[in-house]
Amino acid sequence: MKSLTRIRILLFSIYFLINALSPGTDCFASNQVSGDTIDIQTLYNGRAWRNLFYKVRGDQFLFSPEFLRGSVTINGKLFENIPLKYDIYNDELLVITDHGIILQLNKEMIEKFTLSYENQVLSFRNFDPDSVNSLPGYVNVSYEGGISLYIKYKKEILSLAVENKYDLFNPVNKVFVRKDGEIIKVDSKGELLKLFEDQKHQVRSFIRSSKLRVSRKYPESFKPVIEYYDKLHN
């Protein structure tokens with residue numbers, strides 16, 4: 001009986017590891033957290049993650065299903081050079097430990113984080129859902145000045161979208177502009193120009209001369225326009 005119990009425990013452990021680890025994951029060899037026990041407990045304060053959507057085509061992550069190098073600030077403590085994944089379907093941040101276990105971090109403790117991807121570093125802030133003019137959860141702070149640009153990356157699941165047999169992850173990004181203390185959702189170039197009515201002709205000329213394609217499908221395309229408008233006022 002004791003042998004049977006040991007076998008069951010071993011099988012359960014193997015099953016847990018298979019579900020916790022994602023295939024092809026490279027948990028940076030250089031990933032090291034300070035040996036301070038308190039630091040380790042602060043960073044790895046979360047629960048084991050399992051991929052519940054392995055049957056859905058595509059993936060639920062921002063930019064890549066692989067871990068990306070980044071940093072995270074938890075309760076005022078900065079952790080750098082950490083392998084992170086941002087699950088934009090559930091709006092949750094994942095980390096992989098030195099032992100290869102994937103954890104979903106405690107969102108209530110996270111203030112902000114960064115992700116490095118294709119020679120750029122994106123900054124995200126955890127907005128308080130109870131604050132005035134709040135944005136939902138983790139938001140990319142693309143530009144901040146006299147006027148600010150916020151991007152909410154999100155994916156939805158389209159039912160039976162592939163060959164009428166498989167569900168599919170589909171990006172549904174949202175763009176927000178903070179102007180005169182108000183946060184406004186912007187869905188198109190036309191709505192952006194309407195928001196910039198006082199400098200509409202200059203902004204339209206800039207978009208044309210710079211040959212910019214401003215689209216919610218590529219939310220980063222709003223950034224040069226926001227920067228230009230901000231410079232007109234400063």
Side-chain angles (χ1 to χ4, degrees), residues 61-64 68-82 84-88 91-93 105 107-155 171-207 209-234:
F61 302 106
L62 178 63
F63 301 136
S64 170
L68 303 176
R69 196 174 302 275
S71 67
V72 58
T73 301
I74 302 176
N75 287 348
K77 175 69 177 180
L78 173 64
F79 297 90
E80 298 180 287
N81 195 33
I82 302 295
L84 298 170
K85 279 187 188 182
Y86 178 21
D87 175 350
I88 59 175
D91 199 36
E92 297 288 354
L93 190 63
L105 296 179
K107 191 172 186 177
E108 294 181 356
M109 298 172 60
I110 295 175
E111 299 168 21
K112 57 187 177 180
F113 68 92
T114 66
L115 290 175
S116 297
Y117 182 71
E118 292 188 347
N119 299 318
Q120 60 178 330
V121 178
L122 287 87
S123 299
F124 294 82
R125 186 182 303 161
N126 188 5
F127 279 78
D128 183 354
D130 297 324
S131 63
V132 178
N133 279 335
S134 68
L135 295 174
Y138 298 130
V139 176
N140 171 221
V141 182
S142 181
Y143 179 82
E144 272 195 317
I147 185 170
S148 300
L149 174 64
Y150 303 132
I151 300 171
K152 178 64 183 179
Y153 291 99
K154 185 72 177 173
K155 286 185 180 180
V172 282
N173 305 318
K174 295 180 181 179
V175 176
F176 298 86
V177 173
R178 182 178 62 78
K179 184 174 182 284
D180 300 326
E182 183 181 1
I183 295 178
I184 304 158
K185 186 170 174 285
V186 179
D187 286 325
S188 66
K189 180 178 72 175
E191 290 187 7
L192 188 65
L193 289 172
K194 186 177 179 181
L195 186 62
F196 296 159
E197 190 68 36
D198 59 326
Q199 302 285 351
K200 184 176 181 178
H201 297 297
Q202 292 95 321
V203 172
R204 182 185 281 120
S205 259
F206 170 74
I207 293 173
S209 63
S210 302
K211 298 180 180 179
L212 297 175
R213 292 186 60 190
V214 181
S215 166
R216 185 162 53 89
K217 185 176 180 181
Y218 306 102
E220 300 84 1
S221 63
F222 284 77
K223 184 175 180 179
V225 184
I226 298 293
E227 290 177 327
Y228 175 76
Y229 178 84
D230 197 25
K231 287 176 182 176
L232 290 176
H233 288 261
N234 292 288

Flag yes if more than 12 heavy atoms outside K189 fall under 6.0 Å of its NZ atom; otherwise flag no.
no

Going by an N to O cut-off under 4.0 Å, is there a salt bridge joining K85 and D87?
no

Crowding at NZ, K194 (>12 non-hydrogen neighbours, <6.0 Å):
no

Do the side chains of K179 and Y229 get nearer than 4.5 Å, heavy atoms only?
yes

Between K217 and N173, what is the shortest heavy-atom contact and its length?
O-ND2, 3.9 Å

Do you see a donor-acceptor pair shorter than 3.5 Å between the side chains of Y150 and E144?
yes

Sub-4.5 Å side-chain heavy-atom contact between L78 and T73:
yes

Does any part of the side chain of F196, heavy atoms only, come nearer than 4.5 Å to the side chain of I147, both counted from C-beta?
yes

Taking NZ in K154 as the centre, count heavy atoms belonging to other residues, nucleotides or ligands within less than 6.0 Å. Is the count above 12?
yes

What's the separation between atom NZ in K152 and atom CG in D91, rounded to the nearest 0.5 Å?
3.0 Å

Looking only at heavy atoms, which two atoms of E80 and S71 are closest? And how far apart?
CA-CB, 4.0 Å

Gap between atom OG of S142 and atom CD of E227 - 0.5 Å precision:
7.5 Å

Please report the shortest heavy-atom distance between S123 and T114, naming the atom on each side.
OG-CG2, 4.0 Å

Does some side-chain heavy atom of R125 sit less than 4.5 Å from a side-chain heavy atom of V139?
no

Could you report the tightest heavy-atom contact between E111 and G76, atom names first, then the distance?
OE2-N, 2.5 Å

When you compare the side chain of Y143 with that of D230, does any pair of heavy atoms fall below 4.5 Å?
yes

Within this structure, what is the CG-CG distance for the pair L115 and L62, rounded to the nearest 0.5 Å?
6.5 Å

Note: S215 and S221 closest approach over all heavy atoms is N-OG, 3.0 Å

Calculate, to the nearest 0.5 Å, the distance between atoms CG and CZ belonging to L122 and F63 respectively.
4.5 Å

Over 12 non-hydrogen atoms of neighbours within 6.0 angstrom of CD in E108:
no

Report the C-alpha distance between R69 and N81 in whole Å, list the side-chain angles of each, state the deciding distance to 0.1 Å, and finish with yes or no for side-chain contact (heavy atoms from CB on, under 4.5 Å).
CA-CA 6 Å; R69 196 174 302 275; N81 195 33; 2.3 Å; yes

Answer yes if the ring centres of Y138 and F113 are under 6.0 angstrom apart, and no otherwise.
yes

Correct closest heavy-atom pair for S64 and Y117 would be CB-CE1, 4.4 Å

Classify the angle between the aromatic ring planes of F124 and Y86 as parallel (below 30°), tilted (30 to 60°) or perpendicular (above 60°).
perpendicular

Counting C-beta onward and ignoring hydrogens, is there a side-chain heavy-atom pair between L192 and I226 closer than 4.5 Å?
yes

Taken to the nearest 0.5 Å, the spacing of H233 NE2 from D198 CG works out to 4.0 Å

K185, NZ atom: more than 12 neighbouring heavy atoms under 6.0 Å
yes

Sub-3.5 Å donor-acceptor pair from the side chain of N140 to the main-chain atoms of I151, do we have one?
no

How far does CD of Q199 sit from CZ of F206, to the nearest 0.5 angstrom?
13.0 Å

